[in-house]
Trainee: 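Handing you this structure, nothing more for now.
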Amino acid sequence: MEKQNYNYAIVRSFVIWSLIWGLVAVLVGVIVSFQMVEPDLNFPPYLTFGRLRPIHTNAGIYGWGVGVIFATFLYIVQRLCKTPLWSDKLAKFQLYFFNATIIASAVTLLLGYTTSKEYHEMEWPIDVMIVILWVAFGLNIIMTILKRKDEQMYISLWYMMASIVGVAILFLVNAAAEPVSLFKSYSAYAGTNDANVHWWFGHNAVAMALTAPPLAMFYYFLPKSTGVPIYSHRLSIIAFWSLIFMYLWTGAHHLLWTPVPDWIQTLAMGFSVMLIAPSWGSVFNGYLSMGGQWHQMRENYLVKFLILGITFYGLQTLQGPMQAIRTFSAFIHYTDWVPAHIHMGTMGWVSMISFASIYFMIPRIWDREIYSIPLANLQFWLILVGQLIWSISLWVAGVLQAGMWNAMNSDGSLTYTFMETMVEMYPYWWARAFGGVIYLVGLIIFIYNIYMTVKKGEPTAVTTATAEGRA
Amino acid sequence: MDLASFVYLGVTFGLFVIFVLIVIRTYNKKNKDKGEVAKYNMLDDD
Ligand code: HEM
């Protein structure tokens with residue numbers, strides 16, 4: 001095998017930068033959670049909740065999430081295709097341009113430049129940078145796939161290609177705008193159409209950035225960590241195509257009870273419920289792949305991260321369709337229930353898979369054994385407990401909030417003022433901030449463990465897939 | 001429902017037909033071994 005030709009330097013760089021941006025994202029997340037309970041912690045004009053919140057979400061999705069996508073995809077594609085990257089120069093360009101784009105985004109958001117479209121806040125010059133970045137990345141991956149050694153493509157490659165093509169289409173359609181100055185543009189769509197296009201983008205960004213890539217990683221790193229193949233490759237292929245087919249129609253479930261045509265809402269609702277099938281297709285494929293291997297949950301810390309990750313994906317994709325049903329949506333929409341859903345997905349599903357993927361790659365790309373497996377286990381528990389406190393407290397808060405908003409007196413007037421409902425939220429918001437701090441400690445331990453591995457780790461002795469993650 | 005909505009639903013249905021064809025092809029007995037080979041190959045990329 002031409003191992004020596006693989007470009008691991010670029011994977012190492014993306015791992016480092018994704019950790020840096022991940023730390024920024026979680027740190028700012030913790031800060032904004034305290035700003036919600038202690039408004040005096042807002043320092044206008046820059047360090048306010050309004051300016052910092054989009055920095056938290058964008059650093060999380062694009063800095064940490066996409067950073068890990070870049071690192072893992074560039075690793076996986078070389079291994080699965082058994083061939084080095086198509087272009088090392090393009091990969092290097094991608095690295096510099098990625099950081100330039102993230103920095104430009106953070107600075108402009110801090111200065112208050114925003115399109116005000118959630119998850120697409122950056123103004124048009126940064127949109128142009130994102131397009132260049134994605135084309136460089138996508139071209140390199142697709143050209144590498146084209147020169148692969150095995151004819152049959154493993155499922156991870158399908159998810160990777162879907163993510164590349166999907167993000168490109170979504171982003172280009174939603175970014176259509178007319179610039180009126182360097183930092184101001186107006187959307188090409190108006191009113192309801194704008195909202196509909198935007199949430200078509202929003203929900204499919206969840207599909208193409210927060211679902212397809214972690215699934216690509218899961219399908220690759222689970223069998224590599226356990227040493228046994230996935231249960232069924234054909235099931236994974238069917239789940240893949242049905243996921244691709246169904247996701248595209250679901251965006252309007254973010255706009256139930258709005259002026260968006262009723263039939264579009266109903267279609268979105270129907271497809272959202274159907275989405276349970278492909279999602280659980282992958283969940284079951286994961287669980288069934290563990291047949292005879294469940295003892296590894298105790299012995300192999302990588303498997304713990306991966307199986308908990310896919311479990312949160314299963315819960316997330318059961319909860320999501322419920323939220324997409326009109327009557328359920330009427331109750332929880334606009335409440336704190338929704339951020340709890342998001343954070344089970346991001347802190348539970350996406351991050352758990354990302355941690356396992358990075359732990360798996362480190363010994364191979366740095367030739368160093370992981371510095372401390374007890375620390376990795378401690379991190380696992382901190383991440384799990386932090387995320388559960390975060391999500392559970394806000395689910396409870398959301399139900400309470402919805403109940404109070406809906407409460408009516410016998411004469412038809414509202415029982416509670418909006419301010420009364422806000423005051424009730426405080427204990428839950430404190431709990432959320434506390435959960436966030438625990439999660440942050442877990443992340444810092446992760447980064448410390450990686451740092452010490454690179455600095456002081458023993459040179460790798462065992463390189464077989466099965467032995468990789470044994471505790 | 002106007003023409004645009006019928007086109008929208010038509011595209012949905014067209015994609016559904018393609019999806020059904022993919023399922024039939026994947027689970028065709030002839031393709032059984034071919035469909036599973038990648039999961040073994042991926043294990044020896046070390
Ligand atoms: C079957 C799959 C899923 C379905 C049907 C679904 C459904 C939904 C629905 C209906 C909402 C809107 C809630 C509201 O505002 O009333 C929502 C919000 C959201 N979901 Fe999911 N979800 C799914 C999976 C996921 C996954 C895997 C993630 C990954 C992290 C995720 C992340 C999000 C995010 C980020 C939002 C918030 C959007 C906002 O800011 O308003 N979802 N989801």
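Note that the coordinates shown come from a computational prediction; the quantities given were computed from them, not determined experimentally. The figures here come from the full heavy-atom set of this structure, side chains too, leaving out hydrogens, waters and symmetry mates. Here is how names work: the chains are called A, B, and so on, in the same order as the sequence lines, proteins then strands, and each is numbered from 1.
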Trainee: Count the heavy atoms belonging to other residues, nucleotides or ligands that lie under 6.0 Å from OH of A:Tyr231, then report whether that count exceeds 12.
Mentor: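 No.
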Trainee: Heavy-atom distance under 4.5 Å between the side chains of A:His233 and B:Thr26, does that happen here?
Mentor: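 They are not in contact (no side-chain heavy atoms under 4.5 Å apart), so the answer is no.
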Trainee: Please tell me if the side chains of A:Ile238 and B:Tyr27 come closer than 4.5 Å, counting only heavy atoms from C-beta onward.
Mentor: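 Side chain of A:Ile238 against side chain of B:Tyr27, heavy atoms only: contact under 4.5 Å found.
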Trainee: Using a 4.5 Å heavy-atom cutoff, which residues in residues 243-250 of chain A come close to chain B?
Mentor: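 Interface residues of residues 243-250 of chain A: A:Phe245, A:Trp249.
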Trainee: Counting C-beta onward and ignoring hydrogens, is there a side-chain heavy-atom pair between B:Met42 and A:Arg79 closer than 4.5 Å?
Mentor: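 The answer is no, as the side chains (C-beta and beyond) never meet within the 4.5 Å cut-off.
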Trainee: Side chain, backbone, both or neither: which part of A:Phe240 has a heavy atom under 4.5 Å from chain B?
Mentor: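 Contact with chain B is absent: no heavy atom of A:Phe240 under 4.5 Å.
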Trainee: Under 4.5 Å, heavy atom to heavy atom, which residues of residues 266-277 of chain A contact chain B?
Mentor: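 From residues 266-277 of chain A, the residues near chain B are A:Leu267, A:Phe271.
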Trainee: Which bit of A:Trp263 is near chain B, if near means a heavy-atom gap under 4.5 Å: side chain, backbone, both or neither?
Mentor: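 Side chain of A:Trp263 only, per the 4.5 Å heavy-atom cut-off to chain B.
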Trainee: Could you measure the distance from the NZ atom of B:Lys39 to the OH atom of A:Tyr219? Nearest 0.5 Å is fine.
Mentor: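 Result: 11.5 Å between the selected atoms.
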Trainee: According to the salt bridge (charged side-chain N to carboxylate O under 4.0 Å, His left out) rule, which pairs have a member within residues 270-280 of chain A, sequence neighbours left out?
Mentor: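 Sorted pair list comes back empty.
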Trainee: How about residues 11-18 of chain B versus chain A: which residues have heavy atoms under 4.5 Å apart?
Mentor: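 So the qualifying residues are B:Val11, B:Thr12, B:Leu15, B:Phe16.
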Trainee: Minimum heavy-atom separation for A:Lys224 to B:Leu43, with atom names?
Mentor: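 Closest approach of A:Lys224 to B:Leu43, heavy atoms only: NZ-O, 3.4 Å.
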Trainee: Could you tell me whether B:Tyr8 atom OH has more than 12 heavy atoms of other residues or ligands within 6.0 Å of it?
Mentor: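 Atom OH in B:Tyr8 is packed in, count exceeds 12.
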Trainee: When rounded to the nearest 0.5 angstrom, what distance separates NZ in A:Lys149 from CG in B:Asn41?
Mentor: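 Taking NZ in A:Lys149 and CG in B:Asn41, the distance rounds to 13.5 Å.
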Trainee: Please look at A:Ser236 and chain B and tell me whether the side chain, the backbone, both or neither of the residue comes under 4.5 angstrom of a heavy atom of that chain.
Mentor: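 Interface part for A:Ser236: neither.
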Trainee: Heavy-atom distance under 4.5 Å to chain B: side chain of A:Ile237, backbone, both or neither?
Mentor: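 Only the side chain of A:Ile237 comes within 4.5 Å of chain B.
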Trainee: Which atoms of A:Ser242 are under 4.5 Å from chain B, going by heavy atoms: the side chain, the backbone, both sets, or neither?
Mentor: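 Contact with chain B is through both the backbone and side chain of A:Ser242.
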Trainee: For A:Lys147, look at atom NZ and say whether over 12 heavy atoms of other residues, nucleotides or ligands are found less than 6.0 Å away.
Mentor: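 Above 12, so yes.
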Trainee: Using non-hydrogen atoms and a 4.5 Å limit, figure out which bit of B:Val23 sits close to chain A: side chain, backbone, both or neither.
Mentor: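 For B:Val23, the contact with chain A is made by backbone and side chain together.
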Trainee: Which distance, rounded to the nearest 0.5 Å, do you find between the CZ of A:Arg234 and the CG of B:Asn31?
Mentor: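 Those atoms lie 8.5 Å apart.
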Trainee: For A:Trp158, look at atom CH2 and say whether over 12 heavy atoms of other residues, nucleotides or ligands are found less than 6.0 Å away.
Mentor: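 No, because the 6.0 Å sphere around CH2 of A:Trp158 holds 12 heavy atoms or fewer from other groups.
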